[in-house]
Amino acid sequence: MKFGVVVFPGSNCDADCLHAIKVVTGQPVEYIWHKSGSVDGFDCIVLPGGFSYGDYLRCGAVARFSPVMTPVIDFAQRGGLLLGICNGFQILTEAGLLPGALHRNKNLQFLCHDTHLRIENNQTPFTSLATAGQVIRVPIAHGEGNYYADTATIQQLEENKQVLFRYCDPQGEITPAANPNGSVNNIAGICNRQGNVLGMMPHPERCAEDILGNTNGQLIFQSLLQQWQRRCG
Amino acid sequence: MTLEPQIWREMGLTDDEYERIVTILGRQPNYVEVGIFAVMWSEHCSYKTSRPALKTLPTEGPAILQGPGENAGIVDIGDGQAVVFKIESHNHPSAIEPYQGAATGVGGILRDIFTMGARPIAVLDSLRFGELNSPRVRYLFDGVVAGISGYGNCIGVPTVGGEVYFADSYEDNCLVNVMCVGLIDQKDIKKGVASGVGNPVMVVGAKTGRDGIHGATFASEELSEAAAERRPAVQVGDPFMEKLLLEACLEVIKTGYVVGIQDMGAAGLTSSSCEMASRAGTGLEMDLALVPRREEGMTPYELMLSESQERMLLVVQQGTEEKVTEIFAKWDLDSVVVGQVTADGLLRLKEGDKVVAEIPAKALTDEAPVYHRPTEKPAYLAEVQDYPVDALTMPDDYNEVLLKLLASPNIASKEYVYQQYDHMVGLNTVVRPGSDAAVLRVKDTNKGIAMTTDCNGRYCYLNPKTGAAIAVAEAARNLVCSGAKPLAVTNCLNFGNPEKPEVMWTIWQCVEGMAEACRNLETPVTGGNVSLYNETKGNAIYPTPTIGMVGLVEDLNKVCTQGFKQEGDVIFLLGENLPELGGSEYLKIHFGLEQGNAPVLNLELEKKVQQLVLAEIKSGLIQSAHDCAEGGLAVALAECCMAGNLGADITMVRRFRGDALLFGESQSRIIISINQEHSVELVKKMVEAGVPYTQLGKVAGDSLLLNVVNPGCSGCGGNLLNLPVAKLAETWRGAIPCLMQ
């Protein structure tokens with residue numbers, strides 16, 4: 001299984017994603033330059049965190065026009081596995097691959113700390129190794145992670161089980177206090193209707209090694225690998 | 001044409017300095033040349049006042065690869081790798097425009113690190129403000145933190161530690177000291193030298209604008225009421241541009257085409273060009289008409305003095321210009337050849353064919369004036385040191401005092417600050433902010449780098465020499481508590497107006513104390529920065545010689561943290577409790593006093609304690625280790641409890657005042673916990689090493705209990721502390737957010 005990590009100008013979690021994928025899956029992984037016109041040969045593409053184009057104007061608003069986004073969007077529409085983390089999630093919403101938008105955090109400050117996430121749907125390629133309702137600890141690091149969509153969209157997301165992760169307390173309860181940024185329904189990550197595109201604000205690549213004190217993030221990369229092996233073995 | 005005296009005086013030159021320029025040049029300088037001399041001979045660039053004192057600091061040691069004089073210091077960490085690190089101040093800009101002042105402080109120190117070829121892996125911030133009950137202070141505090149967050153988070157270098165202090169003396173003149181740590185393969189080390197006659201000189205990165213002109217001069221005078229008008233002297237940062245510059249520079253350096261490289265920091269193109277030429281003993285000729293600019297009509301004077309951010313000066317091997325340009329173009333950055341290295345030792349600036357300035361490069365650097373300013377011991381010292389601390393009434397309720405101390409912003413959790421910093425990006429942060437020191441792993445090895453910044457300005461105010469020595473000792477202690485061997489120091493000397501003999505005296509005292517501690521603890525100084533004229537309305541800040549220190553963790557599996565680990569573990573205090581209350585946070589919080597003498601520092605004892613703790617962390621005996629600092633033993637125990645979410649049951653013999661025992665800030669003390677079965681072995685080792693110790697009690701329950709016994713006095717004993725850990729944590733965590741609401 002071959003992973004690709006897109007490098008936009010201003011991406012700063014690109015090296016982290018590459019490292020985590022290599023360490024966790026042992027699979028080949030390469031950078032994809034933002035000026036690249038093709039993503040042929042990749043089985044899963046990651047849009048990493050950071051401040052693409054400085055996040056000037058609006059987070060992800062400029063990156064969405066990068067040359068590489070044309071083949072990336074095409075890849076996703078053909079069912080390719082696409083994971084957007086943090087700034088990557090913001091780019092996915094700007095590109096229209098996922099609904100909604102990420103507003104500024106409700107306290108208007110950048111926040112970097114551990115959060116607990118309840119896995120709401122384990123029937124996706126990103127979460128297949130999870131048990132239903134499993135709680136994992138994954139750090140956030142963002143200033144604009146406050147997920148918003150209109151009521152009808154939220155209803156659709158909920159009905160279609162597109163909400164994959166919700167901020168919760170350590171026991172798995174969905175409470176206002178566990179919601180770090182004001183997201184509607186404590187939403188931390190959603191997928192598209194087909195289930196092949198995931199956007200999430202928390203950083204699984206930051207908790208995928210013992211030395212960093214937490215390996216909960218491995219679950220996502222391992223799920224991707226297991227799903228791919230099952231399909232393409 | 002002779003210039004009016006008014007011109008050079010406004011640029012900050014004295015008449016004597018002007019005469020010296022005339023002598024050096026053998027003629028009258030023109031306007032551009034005076035501007036260049038003024039900025040290079042400013043205190044900020046020339047260190048003309050502090051240089052005699054700085055020369056007395058120890059700078060050599062077996063691990064030192066680069067001492068003072070370059071863009072940053074370098075220490076060997078084995079395996080052909082090295083750590084590049086430096087601390088720098090951005091006080092004056094931050095006091096005027098906190099967001100941009102702090103942001104560009106981060107940007108500037110990052111460039112000092114990657115200009116040497118190192119990838120920055122961490123930033124630490126040492127911040128000082130007035131008291132949080134002032135609205136102006138809250139504005140500065142929030143602005144500075146947001147500026148650091150905005151710049152550091154965007155560029156993707158984690159901000160992993162530092163310190164924040166609050167005291168009235170910093171009310172109008174906050175201190176923003178930023179330290180950056182980078183990692184490099186020794187073979188890739190680059191220096192700021194313009195060698196190789198005929199080699200092209202390139203300006204790369206952002207375009208030059210009119211911002212920050214005379215920023216270095218501004219940083220070399222007192223902050224006055226009119227300082228707000230200096231706002232145009234504060235630069236504006238663009239972290240996105242810096243991220244591109246960082247990646248492009250590291251890529252270019254890897255090619256081997258680069259001969260020398262230097263950041264255009266304070267004094268911009270002026271300082272970078274003359275310093276690179278001066279170090280190499282060469283000259284530089286540049287055509288300023290070729291410098292990419294943001295605005296039409298910029299004069300040579302403006303181009304040379306601009307402090308526009310995110311720019312670098314490169315000297316590359318002849319014939320590689322195109323390849324270098326290709327790499328910068330890949331990152332969408334300008335890179336333009338503006339001149340070449342010459343043999344004549346002159347900085348020659350042209351605009352097209354016309355020569356607009358011609359100055360010997362060394363005249364701007366090595367030949368800058370040096371002042372041996374008069375010193376005088378300040379009169380206030382005797383008064384504060386002799387304050388009758390012993391006559392103060394002891395408190396009735398120690399629980400209440402402990403809670404008050406935990407809620408003091410100087411001691412309270414700084415989570416409000418560090419959760420605004422991305423402290424995890426890079427995947428190296430093994431020990432996060434909030435412990436004694438941050439620890440980062442070195443990928444593909446089993447090594448770690450520990451880092452900290454320390455200085456208690458109040459101690460330095462009460463006793464400059466001891467206070468500065470304590471800053472070094474505490475920094476080393478923090479590293480040792482994390483399981484690291486202290487390697488080297490970078491310092492940031494923040495003082496008032498050195499033209500006042502009393503301020504000059506404290507500078508010398510602080511440097512003496514620092515030198516003595518660095519020599520004893522074998523942590524040489526590799527460079528740093530001096531920030532003087534930190535005064536408003538004639539009042540100087542507390543002398544604040546901030547120490548940044550890095551250490552090496554040889555085995556990442558043996559990293560230690562402050563939190564208690566396991567119920568039943570035995571708690572020891574290493575070092576001695578002395579009846580000292582001077583300079584303590586307790587005196588300030590409970591009595592409103594900043595009086596007395598600083599705690600005594602015995603460097604021999606300090607070294608013994610540190611050596612033993614480091615050895616037994618490495619041997620695996622020690623489960624947790626924590627330095628006893630502000631707030632004394634009681635606060636340190638509370639911190640061990642909160643970090644581990646475990647209680648402690650402590651019994652001590654009381655030989656002097658209970659408040660001094662609990663809240664006094666005696667130095668060279670470390671609280672450790674160990675598994676009970678190892679306690680006999682540890683005691684034996686402490687006795688052998690001659691390290692004084694006290695067995696305090698055990699890790700137990702969910703409350704901090706502290707009882708004292710007093711054999712000579714019935715009725716003097718009893719329970720002094722009994723507080724649930726949850727209550728301690730609630731108070732400690734809630735204090736700063738509550739004040740900021």
Side-chain angles (χ1 to χ4, degrees), chain A residues 7-24 31 33-35 48-57 59 62-63 85-87 105 107-115 138-144 180 202-214 217, chain B residues 119 142 145-146 148-160 237-248 329-333 415-434 439-446 448 556-557 559 561 737 740-741:
Chain A
V7 182
F8 296 102
S11 293
N12 65 29
C13 301
D14 44 345
D16 295 358
C17 287
L18 189 99
H19 177 85
I21 289 167
K22 207 186 280 182
V23 169
V24 175
Y31 291 123
W33 190 240
H34 63 103
K35 293 175 187 171
F51 290 69
S52 54
Y53 297 89
D55 274 350
Y56 297 141
L57 185 61
C59 300
V62 183
I85 301 168
C86 198
N87 193 224
N105 294 349
N107 74 350
L108 303 182
Q109 288 176 346
F110 187 97
L111 290 174
C112 176
H113 57 70
D114 280 335
T115 60
V138 183
I140 55 163
H142 59 245
E144 277 108 350
H203 288 269
E205 81 280 11
R206 293 188 179 189
C207 50
E209 285 174 275
D210 278 324
I211 189 69
L212 300 177
N214 179 1
Chain B
R119 178 166 287 279
D142 254 349
V145 171
I148 292 167
S149 160
Y151 206 103
N153 297 349
C154 179
I155 197 165
V157 177
T159 301
V160 299
D238 179 354
F240 171 57
M241 175 64 84
E242 178 121 322
K243 169 72 174 163
L244 301 179
L245 188 63
L246 159 69
E247 297 301 336
K330 172 185 157 191
W331 292 95
D332 300 319
L333 292 174
E415 197 176 8
Y416 174 86
V417 176
Y418 65 73
Q419 75 173 7
Q420 295 184 54
Y421 304 150
D422 188 341
H423 48 264
M424 302 181 209
V425 61
L427 303 190
N428 298 320
T429 314
V430 172
V431 178
R432 295 181 186 180
V439 180
L440 277 83
R441 68 158 159 186
V442 178
K443 284 197 192 91
D444 303 320
T445 74
N446 196 30
L556 267 181
N557 299 313
V559 166
T561 53
M740 291 307 291
Q741 257 174 21

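What's counted below: heavy atoms across the whole structure, side chains too, no hydrogens, waters or symmetry copies. Proteins get letters first, then strands, A, B, ... in listed order; numbering begins at 1 in each.
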Whether B:F240 and A:Y53 hold their rings parallel, tilted or perpendicular, with breakpoints at 30° and 60°: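 Answer is tilted, since the angle falls between 30° and 60°.
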Heavy-atom contact with chain B under 4.5 Å, split by part of A:H19: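 Answer is side chain: those atoms of A:H19 sit under 4.5 Å from chain B.
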How long is the span from the [atom1] atom in [X] to the [atom2] atom in [Y], to the nearest 0.5 Å?
X: A:D55; Y: B:N153; atom1: CG; atom2: CG; answer: 11.5 Å
X: A:I211; Y: B:N428; atom1: CD1; atom2: CG; answer: 10.5 Å
X: A:L18; Y: B:L427; atom1: CG; atom2: CG; answer: 10.5 Å
X: A:F110; Y: B:C154; atom1: CZ; atom2: SG; answer: 10.0 Å

Candidate pair B:K243 and A:F51, rule side-chain contact (heavy atoms from CB on, under 4.5 Å), full reasoning: CA-CA 10 Å; B:K243 169 72 174 163; A:F51 290 69; over 6 Å; no
Closest approach of B:Y416 to A:Q109 (non-hydrogen atoms, all atoms of both residues):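 Here B:Y416 and A:Q109 meet closest at OH-NE2, 3.2 Å.
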Closest non-hydrogen atom pair, A:G10 against B:L244: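 A:G10 and B:L244 have their closest heavy atoms at N-CD2, 4.4 Å.
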Audit row: A:D114, B:R432, side-chain contact (heavy atoms from CB on, under 4.5 Å) steps and yes/no: CA-CA 11 Å; A:D114 280 335; B:R432 295 181 186 180; 3.1 Å; yes
Residues A:R206, B:V425; criterion side-chain contact (heavy atoms from CB on, under 4.5 Å); working and verdict: CA-CA 8 Å; A:R206 293 188 179 189; B:V425 61; 3.3 Å; yes
A:K35, NZ: over 12 other non-hydrogen atoms inside 6.0 angstrom: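 Yes, the 6.0 Å shell around NZ holds more than 12 heavy atoms from other groups.
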A:E209 with B:K443: basic N within carboxylate O range, under 4.0 Å: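 No.
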B:S149 versus chain A, the contacting section by heavy-atom distance below 4.5 Å: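 Contact with chain A involves the side chain of B:S149 alone.
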B:M424: which of A:C112, A:C13, A:C207 passes side chain to side chain contact (heavy atoms under 4.5 Å, CB included):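 It is A:C112; the other options fail the test.
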CA sep, side-chain torsions, deciding dist, call: A:N107, B:Q420, side-chain contact (heavy atoms from CB on, under 4.5 Å): CA-CA 11 Å; A:N107 74 350; B:Q420 295 184 54; over 6 Å; no
